[in-house]
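Right, one structure below, let's go through it.
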Amino acid sequence: MSTEARSNFLKTQIQSDLDTGGARQLVTRFPPEPNGFLHLGHAKSITVNFELAKQFGGQCHLRFDDTNPEKESQVFIDAIQEDVRWLGYQWHGEVRYASSYFQQLYDWALHLIDEGLAYVCDLSADEAREYRGSLTAAGRDSPHRSRSIETNRDIFERMRAGEYPEGSRVLRAKIDMASPNINLRDPILYRIRKAHHHQTGDAWPIYPTYDFAHGQEDAIEGVTHSICTLEFEDHRPLYEWFIEHLPVPSRPRQIEFARLNTSYTMTSKRKLKQLVDSKAVDGWDDPRMPTLAGLRRRGYPPAAIRHFCEEVGTSRSDSVVDVAMLESAVRNQLNAEAPRVMAVLNPLSLTITNREKPEVLAVANHPGDESMGTRSVPFTPDLYIDAADFREEANKKYKRLVIGKRVRLRGGYVIEADRCDHDSSGEVSHVYARVVEGTLGEDPPDGIKAKGVIHWVSATAGLNAEIRCYDRLFSDPNPSKAEDMMTLLNAKSLVRLEHAVIEPSLATAAGEAVYQFEREGYFVADRYDHTHEKPVFNMTIGLRDTWSDSRG
RNA sequence: UGGGGUGUCGCCAAGUGGCAAGGCAGCGGGUUUUGAUCCCGCCAUUCGCAGGUUCGAAUCCUGCCACCCCAGCCA
């Protein structure tokens, strides 16, 4: 996969700004509000900001945009930092908080009042909405718009002192109630919130709004390029208005890009919460969730997520990226780095009738990377193979074990099946086969080659394991467009296999270690539930499959 | 019907007046002790539509059309 940086409008613009001296060194920032868990969409934003800083030799800050205490908490602050680090990024300097700038923001609000550019408005929320007008009709001036500077200063200072109840008044910028851009119709700068803040405690009874805070936060930190998503485009004139009318230490610039949407996925916080609350999934870090915690538990390597974000590109057009692209990035990464092992998901007993003594085979850990070495795999007379790998009879396209035919046991001998037993319901319950001598690392001496290769595990030395097979959470490519997404849930998004058997080398697997179970897919030792006594693996992603039972 | 955006292969996406990159998906073929990987090949005479300017247009102009965002004291 190419890590070659492809051109995009952000890089072009930044290069131009750097060339013309608009900025000496690039400074970006990832500014989440600590009110929820990070998901794939955030990963895109994180990658964009950190990679840009890396590419241009600049720096990227992590700043919590914590201006609305009622929705925020320390739990999210901690989780977000862990997720950003897990993704592979380290922000420049200390973690920053919008709340650290509350005093400066307050002083700047006073500055606007003194300049006659802000006023206290006593309209209720409902009245304010009515005065704001509509998309097609201009708004009307608030009756409090012409208060004197002295009066505004006095009331605002009392707001700050906590003298008024919530909702009783707000501070507004005096811009233009008739602007076709509704964000410019005297936007609210401060509202009264008698809420305990996770960082500032009870120091403030008033809190700045996003619009009044964000650009100034950027300016304080020397952020040169404030990169956000398209829905903030209409806010840019306001962002610039504050920068122009306030004595800020630098002049940041806002640039917007299209947020990442992925098919078969949904990243609305509200809907994700619905999935958790309704128990459709097992929590915010369920392996089927698009949260970073979920992707992590699923076994998606951070490098794969980064590559995916790079490959998808950054543009300004609304789009829905095929989730197959993400899956491809994951396979790509794992193919290179995951050691190979064998595990039988649906065990079928197979007895080797011409062997009595156990043997130990040395099997390569990676077919294309000798440096990954070999491991010992016990080969005993009693084995398990997957039920799907045996048929009493089959056509020529079936390249697995068939009575009277040969197949190679991966990493071991070629065997030939002789007969099988059936259970009371007629299902095959036991297969009997023979080793074809002289086939360890060699083709059969008689020239009759094996039809294919199947994986296996010693029944006596193998370990029982729980394997959780995951599939896409939704069966529809566009769940977020649906009236009721719950009807679009994939009923088979989780299949628990309680009786899988894994090869003994896996006894020492560490939590979060990812392996390729040969011929099946990539599986990760669950970071919470996996123990050496009771192994639990999650299916990260299956191997690419260009063959299906319908063809054979 | 106000304002702001976006339209290039099934899905992303480069391209910035000189004659359509790349990835994903798909389809052929080869190698293979994973029906994986890997390797080779195929996959837009055409850039939302219609006009115009130009020797030359996806790129410039005009007019349409479609889709997305905005009326929180959320971010």
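Numbered from 1 within each chain, the chains take letters A, B, ... in sequence-line order.
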Worksheet item: Checking A/Arg410 against A/Trp456: charged group under 6.0 Å from the ring centre and within 45 degrees of the axis?
Response: no
Item to complete: Take the protein atom OH of A/Tyr190 and the nucleotide atom P of B/C73, then report the distance between them rounded to whole Å.
Response: 16 Å
Worksheet entry | Distance between C1' atoms of B/G10 and B/A44 (Å, rounded) | 12 Å
Discussion item. What is the distance, to the nearest angstrom, from the CG atom on A/Leu238 to the P atom on B/C74?
Written reply: 15 Å
Worksheet item: Hey, does the Lys NZ or Arg CZ of A/Arg472 hover above the aromatic six-ring of A/Tyr264, less than 6.0 Å from the centre and inside 45° of the axis?
Response: yes
Worksheet item: Checking A/Arg236 side chain against A/Ile255 main chain: does a donor-acceptor pair fall under 3.5 Å?
Response: no
Discussion item. Whether A/Arg544 contacts B/U37 is assessed here as follows: a side-chain N or O lying under 4.0 Å from the phosphate OP1 or OP2. Is that the case?
Written reply: yes
Worksheet item: Does the side-chain ring of A/Trp547 lie flat on the base of B/G35, meaning centres under 5.5 Å and planes less than 30 degrees apart?
Response: yes
Fill in: Whole-Å distance separating the CG atom of A/Asp545 from the C1' atom of B/U34
12 Å
Worksheet item: Which sits closer to the 5' end of RNA chain B, A/Arg331 or A/Asp66, going by the nucleotide each is nearest to?
Response: A/Arg331
Discussion item. Output the rounded distance in Å from NE2 (A/His455) to P (B/U34).
Written reply: 13 Å
Item to complete: Return yes if a side-chain donor-acceptor contact under 3.5 Å exists between A/His214 and A/Arg29, otherwise no.
Response: yes
Item to complete: Return no unless some side-chain N or O of A/Arg140 is found under 4.0 Å from OP1 or OP2 of B/A71.
Response: no
Item to complete: Can you label the angle between the A/Tyr207 ring and the A/His197 ring as parallel, tilted or perpendicular, going by 30° and 60°?
Response: parallel
Practice prompt. For the pair A/Phe517 and A/Ile467, evaluate side chain to side chain contact (heavy atoms under 4.5 Å, CB included) and give the outcome as yes or no after the intermediate values.
Written response: CA-CA 11 Å; A/Phe517 288 0; A/Ile467 293 180; 3.7 Å; yes
Item to complete: Count the heavy atoms belonging to other residues, nucleotides or ligands that lie under 6.0 Å from OH of A/Tyr384, then report whether that count exceeds 12.
Response: no
Fill in: Separation of the P atoms in B/G4 and B/U62, to the nearest angstrom
15 Å
Discussion item. Quick check: any donor-acceptor pair below 3.5 Å linking the side-chain of A/Arg129 to the base of B/G72?
Written reply: no
Worksheet item: Say you pick atom P in B/A13 and the same atom in B/U6; how far apart are they, in whole Å?
Response: 13 Å
Discussion item. In this structure, how many angstroms lie between the C1' atom of B/A71 and the CG atom of A/Asp176, rounded?
Written reply: 15 Å
Item to complete: Could you state the atom-to-atom distance from CG of A/Leu401 to P of B/G35 in whole Å?
Response: 14 Å
Worksheet item: For RNA chain B, whose closest nucleotide is more 5', that of A/Ala137 or that of A/Ile192?
Response: A/Ala137
Discussion item. Strictly below 4.0 Å: does A/Arg191 bring a side-chain N or O up to OP1 or OP2 of B/C74?
Written reply: yes
Worksheet item: Base, sugar-phosphate, or nothing for A/Gly368, non-hydrogen atoms under 4.0 angstrom?
Response: nothing
Discussion item. By the 4.0 Å heavy-atom rule, please label A/Asn8 as base, sugar-phosphate, or nothing.
Written reply: sugar-phosphate
Practice prompt. In sequence, state the C-alpha distance, the side-chain angles, and the governing distance for A/Arg400 and A/Asp386, and then conclude on salt bridge (Lys or Arg N to Asp or Glu O under 4.0 Å).
Written response: CA-CA 10 Å; A/Arg400 308 179 188 184; A/Asp386 198 279; over 6 Å; no
Discussion item. Please classify B/G10 as syn or anti, treating any glycosidic angle within 90° of 0 as syn.
Written reply: anti
Discussion item. For a quick test of reading the model: is some side-chain N or O of A/Arg408 closer than 4.0 Å to OP1 or OP2 of B/G35?
Written reply: no
Discussion item. Below the 4.0 Å mark, does B/A13 have OP1 or OP2 next to a side-chain nitrogen or oxygen of A/Ser315?
Written reply: yes
Worksheet item: Within the pair A/Thr12 and B/U16, is there a side-chain N or O less than 4.0 Å away from OP1 or OP2?
Response: no
Practice prompt. May I ask you to evaluate whether A/Ser124 reaches the phosphate of B/C73, defined as a side-chain N or O under 4.0 Å from OP1 or OP2?
Written response: no
Practice prompt. Taking only the side-chain nitrogens and oxygens of A/Thr209, find out if one of them lies under 4.0 Å from OP1 or OP2 of B/G72.
Written response: no
Fill in: Gap in Å between the two P atoms, one belonging to B/C74 and one to B/G17, rounded
46 Å
Fill in: C1' spacing across the pair B/G15 / B/U46, given as an integer number of angstrom
14 Å
Worksheet item: Looking across every strand, which nucleic acid part, if any, lies under 4.0 Å from A/Thr314 by heavy atom: base, sugar-phosphate, or nothing?
Response: sugar-phosphate
Fill in: Between C1' of B/C69 and CD of A/Glu256, the distance in whole Å
11 Å
Worksheet entry | Base paired to B/G7 (Watson-Crick or G-U; both N/O distances under 3.5 angstrom) | B/C65
Item to complete: Find out whether A/Arg259 and A/Leu230 are in side-chain contact, i.e. whether some heavy atom of one side chain is under 4.5 Å from a heavy atom of the other.
Response: no
Discussion item. Between B/G41 and B/A14, how many Å separate the two P atoms, rounded to a whole number?
Written reply: 26 Å
Worksheet item: Does a nitrogen or oxygen in the side chain of A/Arg316 sit under 4.0 Å from OP1 or OP2 of B/U6?
Response: yes
Worksheet item: Counting just side-chain N and O atoms, does A/Arg6 come under 4.0 Å of either OP1 or OP2 of B/A21?
Response: no
If you restrict it to nitrogen or oxygen atoms, what contacts under 3.5 Å exist between nucleotides 39-42 of chain B and the protein, and what is each distance?
none

Fill in: B/C73: pairing nucleotide in any strand, Watson-Crick or G-U under 3.5 angstrom
none
Fill in: Expected output: side-chain A/Lys44 to main-chain A/Asn261 donor-acceptor under 3.5 Å
no
Worksheet entry | Nucleotide forming a Watson-Crick or wobble pair with B/G35, both distances under 3.5 Å | none
Worksheet item: With a non-hydrogen cut-off below 4.0 angstrom, is A/Gly412 in contact with a base, only sugar-phosphate, or nothing?
Response: base
Worksheet item: Base, sugar-phosphate alone, or nothing: which one does A/Arg410 contact when heavy atoms must sit under 4.0 Å apart?
Response: base
Fill in: Between B/G48 and B/C55 - C1' atom distance, rounded Å
28 Å
Practice prompt. Determine the Euclidean distance between corresponding C1' atoms of B/C43 and B/U33; express it in Å to zero decimal places.
Written response: 33 Å
Worksheet, complete the sentence: Here the distance between atom C1' of B/C12 and atom CG of A/Asp318, to the nearest Å, is 13 Å
Discussion item. For the residue pair A/Arg172 and A/Tyr119, would you count it as a cation-pi contact if the rule is NZ or CZ under 6.0 angstrom from the ring centre and within 45 degrees of the ring axis?
Written reply: no
